[in-house]
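The structure appears below as structure tokens.
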Amino acid sequence: MNRAPSPLERDRGLMLPPKIEVYQVQHLPIVKAYADKIGLGEVINQLVSTEMAIDPGTMVLGMILDTLSGRSPLYRLEEFFAQQDTARLLGKAVAPEAFHDDTVGRVLDRLDEIGTMKLFTACAVRADQVCGLDKRYGHCETTSVSVSGESLPPADPQDQQKQAVPLTITHG
């Protein structure tokens with residue numbers, strides 16, 4: 001029993017479905033959405049000037065996405081993006097060759113020249129402006145702080161009350 005081919009099948013000459021590209025993006029579109037929300041690329045591009053084919057904001061976003069996907073070495077970013085839908089993850093179609101390790105190195109050099117704390121602060125301020133973060137409480141990661149020596153309280157309890165100490169060091 002032969003059926004007549006549909007007009008679409010006649011036009012193609014084949015009965016095969018169109019080629020479908022499949023990418024395993026996992027959580028990366030969510031990361032991209034948050035980066036877009038805080039304007040990560042715009043902040044970086046305002047602070048870091050370059051004449052390369054790829055802007056520093058896109059390169060940094062690419063490195064962040066790579067890091068959060070399992071972290072391949074920087075010299076393999078080109079391979080990572082050869083397996084990704086760059087239009088979806090970066091907001092524009094970018095050839096994987098744009099992530100050549102020499103280009104990544106040049107962008108990292110420019111970031112270092114500007115100052116990573118300056119870049120981080122600008123991104124954090126932008127995130128605060130967009131998200132309205134609650135700044136009533138601060139957190140200090142103390143596991144990376146080491147203190148040595150003795151910290152003895154003054155012998156006279158009245159001297160202890162007179163000292164304006166911003167925090168009390170306790171045992172434990």
Side-chain angles (χ1 to χ4, degrees), residues 7-9 11-147:
L8 182 62
E9 292 169 339
D11 289 343
R12 284 194 184 145
L14 299 171
M15 294 182 66
L16 299 174
K19 181 180 175 190
I20 298 174
E21 294 183 26
V22 178
Y23 301 99
Q24 188 174 8
V25 296
Q26 299 170 336
H27 57 283
L28 299 182
I30 297 170
V31 175
K32 163 76 166 102
Y34 276 100
D36 286 349
K37 182 175 181 174
I38 66 169
L40 176 77
E42 292 84 14
V43 170
I44 291 173
N45 289 338
Q46 287 173 357
L47 295 172
V48 182
S49 62
T50 182
E51 295 179 15
M52 293 188 290
I54 185 168
D55 60 276
T58 301
M59 181 64 75
V60 169
L61 176 61
M63 288 187 278
I64 290 169
L65 294 172
D66 173 60
T67 299
L68 295 176
S69 71
R71 183 75 178 106
S72 58
L74 289 178
Y75 71 90
R76 296 185 71 186
L77 274 178
E78 191 174 342
E79 293 173 32
F80 172 75
F81 281 105
Q83 304 298 318
Q84 299 298 323
D85 181 2
T86 58
R88 176 168 303 283
L89 294 181
L90 301 173
K92 57 188 167 190
V94 178
E97 297 80 34
F99 290 93
H100 189 273
D101 59 338
D102 290 339
T103 307
V104 174
R106 286 196 303 273
V107 169
L108 289 173
D109 286 343
R110 293 291 299 135
L111 296 175
D112 186 56
E113 289 170 13
I114 299 299
T116 54
M117 279 309 288
K118 181 178 181 178
L119 290 165
F120 174 79
T121 301
C123 292
V125 166
R126 183 69 167 274
D128 176 51
Q129 291 169 342
V130 171
C131 301
L133 303 175
D134 183 3
K135 295 173 290 298
R136 290 180 292 167
Y137 306 102
H139 173 74
C140 179
E141 177 56 57
T142 59
T143 57
S144 61
V145 177
S146 62
V147 179

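This is a predicted model, so every value here is computed, not measured.
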Nearest atoms (heavy-atom pairs only) where [X] meets [Y]:
| X | Y | result |
| --- | --- | --- |
| Leu61 | Ala35 | CD1-CB, 3.8 Å |
| Leu77 | Gly62 | CD2-O, 4.3 Å |
| Ile44 | Cys123 | CG1-SG, 4.3 Å |
| Pro56 | Thr50 | CD-CG2, 3.2 Å |

>> Looking at Ile30, I want to see if its CD1 is surrounded by more than 12 non-hydrogen atoms of other residues, nucleotides or ligands under 6.0 Å.
In response: no
> Taking everything shown except Glu113 itself, do over 12 heavy atoms lie less than 6.0 Å from its CD?
Replying inline: yes
Atom [atom1] in [X], atom [atom2] in [Y]: separation rounded to 0.5 Å?
| X | Y | atom1 | atom2 | value |
| --- | --- | --- | --- | --- |
| Phe99 | Gln84 | CZ | CD | 10.5 Å |
| Leu47 | Glu42 | CG | CD | 12.0 Å |
| Arg88 | Lys32 | CZ | NZ | 10.5 Å |
| Leu108 | Leu111 | CG | CG | 6.0 Å |
| Thr121 | Asp128 | OG1 | CG | 12.0 Å |
| Asp55 | Met52 | CG | CE | 9.0 Å |

Heavy-atom check, side chain of [X] versus side chain of [Y], under 4.5 Å:
| X | Y | result |
| --- | --- | --- |
| Val48 | Val60 | no |
| Lys37 | Cys131 | yes |
| Ile64 | Leu40 | yes |

>> Set out, in order, the CA-CA distance, both residues' side-chain angles and the distance that settles side chain to side chain contact (heavy atoms under 4.5 Å, CB included) for Val104 and Tyr75, then state yes or no.
In response: CA-CA 8 Å; Val104 174; Tyr75 71 90; over 6 Å; no
> Quick one: do Asp102 and Arg106 make a salt bridge, cutoff under 4.0 Å?
Replying inline: no
>> Could you work out, with salt bridge (charged side-chain N to carboxylate O under 4.0 Å, His left out) as the rule, every residue matching Asp101, not counting sequence neighbours?
In response: none
>> Asp134: which residues meet the side chain to side chain donor-acceptor pair (under 3.5 Å) condition with it, sequence neighbours left out?
In response: Arg136
